[in-house]
Every structure is written in C-alpha cells, then in structure tokens.
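Please read the structure below before turning to the comments.
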Amino acid sequence: MFYPLLFFIVLHGIFLTCAYTGWSNLNSTPRKTIEYEDNHVIMFKEEGIWNYSTMLIREDLGLLVLGAREAVYALDINDISVAKSKVLWKVTEEKQKECTSKGKHPDIDCHNYVRMLHQMNSSMMYVCGTNAFSPTCDYITYSDGQLKLEGKLEDGRGKCPFDPFQRSSSVIVDEDLYSATSFNFLGSDPVLLRTSPITLRTMLRSFNEPSFVYMDVVPESEDSPEGDDDKVYMFFSENAVEYDFYNKLVVSRVARVCKGDIGGQRTLQRKWTSFLKARLDCSVPEPSLPYVIQDVFHVRHEKWRKSVFYAVFTSQSRSTDQSSAVCAFNVTDISEVFSRGKFKTEVTVEMSDVKWVTYNGDIPVPRPGACINNAARSLGIKGTLDLPDKTLQFIRDRPLMDDAVRPITGKPLLLKRGPLLTRLVVEVVTASDGQSYPVMFVGTENGYVQKAVNYDGEIHVIEEVKLFQNSEPIDILRLYQNQLYAGSASGVVQMPVSNCSRYSSCLDCVLARDPYCAWDVTTLRCSRLPTSPEDPKGNLIQSLKDGDATQCPTSATVEPKIRTLILGNNVMLLCRADSNLAQVNWNFAGKPLPYSNRKYTIYSDGILIYNASANDAGLYTCTSVEQAKGKQYTQTLAIYDLCDRFPVVVTDKIKTTLGILTESYTTSSGLHKTEKPPSYATNQSSESKWVVMQVALALISVMVACLLIWNVYMGHISPFMCCGRQPIKSHRNLPEREYMRTGSDAVDTKQPMVRLCVTTNSTIEATSFHRNTSNGDTSTNNHISKYITDESEI
Ligand SMILES: *[C@@H]1O[C@H](CO)[C@@H](O)[C@H](O)[C@H]1NC(C)=O
Ligand SMILES: *[C@@H]1O[C@H](CO)[C@@H](O)[C@H](O)[C@H]1NC(C)=O
Ligand SMILES: *[C@@H]1O[C@H](CO)[C@@H](O)[C@H](O)[C@H]1NC(C)=O
Ligand SMILES: *[C@@H]1O[C@H](CO)[C@@H](O)[C@H](O)[C@H]1NC(C)=O
Ligand SMILES: *[C@@H]1O[C@H](CO)[C@@H](O)[C@H](O)[C@H]1NC(C)=O
C-alpha cells in the first residue's frame, strides 16, 4: 500500500529537483516586521460579537457591509471604526433547540454565522447565515442610514453551509447566484448551484469531500472569434480519485461552468452540462504531497486573456514542518486545459478496483463540456437543451480533465515556512518606471499580513504587519482604494496598503523596493507615489527590480549619544536596523566588538555590556550592512560615547558644610576632546548665592538620605549592592582599582578626593547635555551633575 505513495514522492522529487532552482530562492524573509504596537490600524469590534468573516464593499454607499456572528454592520468605508448602522440576526429559540437536539454544540454550532453577502441590485443586498445548522437567506436594505432585514426568509440550502466551520463560496453573475456548498445537514451532498429561473445543480458524485474556496466569472465571450460564452470558475480541494491508492490524498482543483448552461433535455436534466474540473498544480521544490488550495484572488485585466488567478496553498502533511506557497495561474492556460485538453476516464481493474486513466478514444461533437459556440450553432444547436445525448453522456461520466493546470513560470511565486498563509488579495501597482507590479497581501494564521512582490522571479517580501493583537487567523481580506480590510474571529482592521513614512531614510525607502513609495529628493521624505499618472512625479528615487540605492545622497553624520558608565553595572546600548535583511555590526574603539567575549550579549535591537569596567569606556558604533542585488549598503545607525564617571570630587569645604554631599562630573572619554568641566566653586559669582545653594543642597541631601534610609529599610535596595556586589562598610575601604582613573582627566588634583561607588538607585541625577557643533568640530560640553549620598556617611 505504501509503494505508490513513495513512488509518487520520489518521482515528484526527481522531477522537481530538475525543474526548480530551489526553495531558498523563493523563501523570503520579510524586510520589515511591524508589530501590533507600532501599527496604527483602524479597528472595529463589538463586545460579544465574533467571527467577522464576511464583507461586501458598497462603493456607491461608501460602506463596508460586514457580516459577523448574528450581526450585520454598515461601517464607514473610510473609517471602519464608525458603525453607521447595525442589525442583529439571531436564531430563534426553537431553531436553537432543534440544533442542539441534533447533537450540535449550542454555543459553537447553534448560532447564526453570516456567511454570504451580495449586492443584488441598487437597493437590495442578499444575506445568508448558517442559522443554527438550518441555512437561511434574507434580503437586506440600507436606506436613510439604516440597515434593515426584509424578513423574506428563504431557504439557504446550497447557498450557505450548515456547518459554520465548512468553507463555501458564491458569486452573483447577472443577478443569478452561483454558490458552492453542502446541500444537506450531514455535509455529504456538496453542490455547485445556480439559483435562477432555471435552477441548475451538479450531479451527485461531482465532488469528493470538497472544500470550496473561491468562485468568479471570466467574460470569455468578449472578443471571442468562436462566439464562446462567459464562464464561472470555481476553486476547491477534494479527495483525489486519480491517485486511487491513496487513502484521502487531497488535491486542489479548478472547475468551470458556462453561464448560458440550462441543462440537458433528457440526460442531465436541470444539471450542468458544462461542468469540468482539472487538477491545479502548485508544486514546491522539494518532495511532498500536493499542496492544498486555501484562497484565490482574481486579478482582472480588461482583456480577460491576461487575467490571472493568484492562489494560496498550504502543505498537506500534518508534520511539524508546515509551509505555504502562492502560485499564479494564467486564465488562458486554465481555459486551454478545458477546451483542448484530454479527459480522464474510469476503468475497472482487477474485479472491483476502479482507476482513472487518460481517455484516448473518440471525443463526440460538439466537444463535451464546451459552451455553445459558433461551431455548435452551425450544427443547429442553439442551447444546451439541444445537445446530443452522446455529448451529455460523455461529460456525465468524465468530468475530470487529464491535464493539470500548471502555474505561470511553473513554480510558486512565494514560499513560506512556519505559520500558514490563509488568505490573499493582490493589487497591481503602477510604479514610477511606468511598469505594473502585482503586490500580494497575504494573511497568516497568526494575525499577520505579508506584503510581497515578485520582481522577475525574485520574490521580495516588503514587510509583514501584525494586524491583530492575538495570534488569530486572518479570515477575510479585501482591498479598496489603497486600503486593506482584514477580518478575524475577534474584529476587523483597516490599514493603508503602504505607509511610506515608515521608511526613515533614503536608503531605507529605496531598499524597501515598495512600489507604492519613492524617495522625494526635494522634501527629503519617503512619499507615496502619485496615484494618477498625470500627477507630477517630482524628483523621485525608486529602484524596484534592481534595488539600487546608489543614487541616495549620503546620509547625515550621526551624532554620538552620551551614556554614563557605572562600574559593575550592565549597560544596554540600543540600535535597531531598519531592515531584517541587514546585518548589524558593532565597533568598539575602532575595532569590531569581540562578540565571542562573554561580556557582550547581542540582541536584535542592541547590545548588553555586562559588569562594566573602566576598560569599557569609549566609542561604540553601530552600523548596518544591507545587501541588495549584489550591492552592499552600509549605514551608521548610532554612535554611543560610553563615559566613565569622573572621580567624585569632594572639597573640604563642601564636606564640612554638607557632610555627605558630593558632586561628580562625567565627561566623554575616547575620541572626543573634552572640555574641563566647570568647577563647582568658580561657577558661583556671589557668596550669598553660595550660601543659599548650600542650604538648598543640604535640604535636598537630607531628603535623599531619608529616602535612601526608607528604601534600605523597606528592602528596595541593599546597602551591599555596590561595586560588583562587594559589601562596603565605608567607601574608603574600596579596593583601589575600582576608582583609580587612568589617563589625563581634567580633575583638579589639588583638591582632596573622595571616590565613591554608588549604585544608580541611590543617586539623583540632574542631567544636562550641551552640544555645540555650530563650527563643525565635535567639541562637547557635556555636564552631568550628580548629587550623591553615601550611606556610610549617614
Ligand atoms: C505611518 O507611520 C508613521 C510612523 O510610524 C505613523 O506615525 C503614522 O501614524 C502611520 N500612518 C498611518 C496612516 O498608519
Ligand atoms: C431589486 O431586487 C429585488 C428582489 O429581486 C426586487 O424586488 C426589486 O424590485 C429590485 N429593485 C430594483 C431597483 O431593481
Ligand atoms: C497568459 O497566456 C496568454 C496566452 O499564452 C498570454 O497572452 C498572456 O500574456 C498570459 N498572461 C500572463 C499574465 O502571463
Ligand atoms: C468564531 O470565533 C470564535 C471565538 O474566537 C472561534 O473560537 C471560532 O473558531 C470561530 N468560528 C468560526 C466558524 O470561525
Ligand atoms: C566584574 O568585574 C570585576 C573586574 O572588572 C570583577 O572583579 C568582578 O568579579 C566582576 N563581577 C561579576 C559579577 O562578574
């Protein structure tokens, strides 16, 4: 039983290894990660309401009509936090009882999950809900700012699933509803249904435990030399019949029907005569079971032959190594498989086993499954009712095509390991080079949206944005006028498709390769591209395919930030690269930081220096190196000047007057020349001021002392916290090396010095930074005063 499985995998493996350049090419790290906290989304949710999974954009009314569990909302499309109206649609007590008595869970299954919302005409919308395992539809209107359910309850079987966890899909074409879902309570009768004056459905056994994903119409009658009909395409997954040995091998499918189909006369009465299905292939470059389709987006082109279906697939094996892929399918390619491809046929082998093999016999005329076209009309066949039995019997028995539909370029556009992709939408953006690029927004099962572009086969994930605080799956995505709308179990968010102001520098802006954004040389900002081609383009730098940022002006020099080094403490120096693709390097005193040294811990947003000693004083430079298309871009992100404290100087006068008060100055050491810090005494002009100051300082010090004693008493700080946890009785007992200074610090050595070792807990800092860079030199005049109390003095 296992051989065919192995064979399949090995065959796939060999074939794919030859065909593809590899997984690594397509598996891309998002360049930026935007966490929920940094993301200013507009949110809508209501207390007690869940499962916001249905959306209808009403451009004419400026509304986002939102379907949730037992509620429908009319939200302002420009600001979805504004709910203009709301209707509740609850299940009746009777229905709830009925549902529970059938063994369904009262709190999970026996609610009304709104699962379908369509616009019927200018005044009416059509809404369907699961209604406690008894699907029901109704009409809904919006007038005078009010949503209203019409109460014309209609049977929702075949339109809306019974089970809220079952997928379904539907589309309105010329006021007819096409829907694909289960027709019965057990979910064992899946149908593709058209509700119209002549209701049409699929035959039994057209599907094999399907999961319906998406449906849309392609206007194939336009400019058709064959006089072809429009077609409705549907995407789903189901258990394979063609790999008959596999127990439940799921495959992805595309199926289609003709819009003009009204069923057969004797054979296939009130059934589709044009239903054909084919396998959809989205093979990843390593041996695996076929990936399973999860969502589709139709990128329409004014010429339907240039339209593309983008689809999300996820791995089938429930192994730990989950992965997803995005594939794009050319509508023309799909159409060709149905209109010219071979059929599969069922043959009986070895008594009872059936096998689906390529059909090589004669194909009747008109071609089975074809829409009524000029050729058929010339044979006197005006509609599907006129189709000969031979054609109908053929299609009834052989709805499956032999060929699979292969993705454009034969491979996925995007691959991703880890949290699975769930939904996608695609927008085609015209960039400053005049070219159009499809930008994919792909939702994940943990609340992110990934924004990705394919540049000539190179996948570039511009960013991943966390939309929901909880790691919940994105259940629905919609695009409208540069806004992205996403729904989940807990709420709905609205976010601009791009926020160019997140790109802080020219380098960041250009290397982002975001087709919505370009660096504006005049305003020195990363700006949204003009949305209409008539707008002046200005002086913009954008390089999407090449990621070439060499045109960027050299960035301004980075000002060093001054940090005080406290002996024995840990020092955190922050520095975060703009990009996940950049490598951050730290230099200390002109040399690369010895990372192997256990003194340092490197984080994504900085370094931690343990147990700082005087040797750690100096200049730390953080640079990022980002590689794009073979070029390296180096950028200085931050410079830290880690300054050892000045020895604490206590003059005799202060000592005698204040007893416990000291002052210290901190200067920068390292590369910058430091001015002599102003001496305490010379700062004072008059004696009276001096006395006032002393009194004030004495008061402060008493307060500080009280605070300190209280702290020690309360156990907030320990008197033994100083200096690498060496207990000190008196600062005079400190080991010499703890406070010996090297170098030529500008200290008035004539004054008797007392060197104190104090933890930050017991210091009050009065910090002032003065920076004078007007004449271009780096002379610093920084002045940090500390009023220090030492417990030993108290
Ligand atoms: C864009 O990003 C900036 C900087 O992070 C933020 O201040 C601003 O609110 C964002 N704008 C929108 C519309 O999200
Ligand atoms: C919209 O459709 C409904 C139901 O099909 C119908 O009753 C109504 O007359 C239609 N309204 C318009 C303006 O066409
Ligand atoms: C799809 O195929 C048709 C015919 O081969 C071609 O004209 C069209 O450009 C293709 N579209 C895309 C997006 O590749
Ligand atoms: C509805 O939302 C609840 C609460 O988050 C979630 O547990 C459940 O899975 C959702 N149900 C469906 C059908 O999506
Ligand atoms: C901190 O460094 C000093 C020498 O610089 C050393 O004596 C002391 O043991 C270190 N403390 C810790 C906790 O590593």
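Whatever order the structure lists them in is the order used to number ligands and atoms, beginning at 1.
- Residues meeting the side chain to side chain donor-acceptor pair (under 3.5 Å) test with D616, sequence neighbours left out: K599.
- Here's the thing with N611: one of its N/O atoms is less than 3.5 angstrom from an N/O atom of ligand 5.
- Under 4.0 angstrom from ligand 2, the non-hydrogen atoms of M124 all belong to its side chain.
- Ring-plane geometry between F338 and Y233 is classed as tilted, the angle between the planes lying from 30 to 60 degrees on a 0 to 90 degree scale.
- When heavy-atom distances to ligand 3 are checked against 4.0 Å, the residues falling inside are R305, V308, N330, T332, ordered by chain and number.
- Heavy-atom contacts from other residues, nucleotides or ligands closer than 6.0 Å to CG of D60 number more than 12.
- A ring-centre distance under 6.0 Å is not found for F297 and F309.
- Environment of CG in D144: sparse, with no more than 12 heavy atoms of neighbouring residues, nucleotides or ligands closer than 6.0 Å.
- Under 4.0 Å is where a charged nitrogen must lie from a carboxylate oxygen, and between K545 and D433 no such pair does.
- Residue S123 approaches ligand 2 through these ligand atoms, each under 4.0 Å from one of its heavy atoms: 11 (N), 13 (C).
- By the 6.0 Å and 45° rule, R58 does not stack over the aromatic ring of Y142.
- Note: no N/O pair closer than 3.5 Å links Y139 and ligand 2 by distance alone.
- Classification of the Y620-W586 ring pair by plane angle, with boundaries at 30° and 60°, yields perpendicular.
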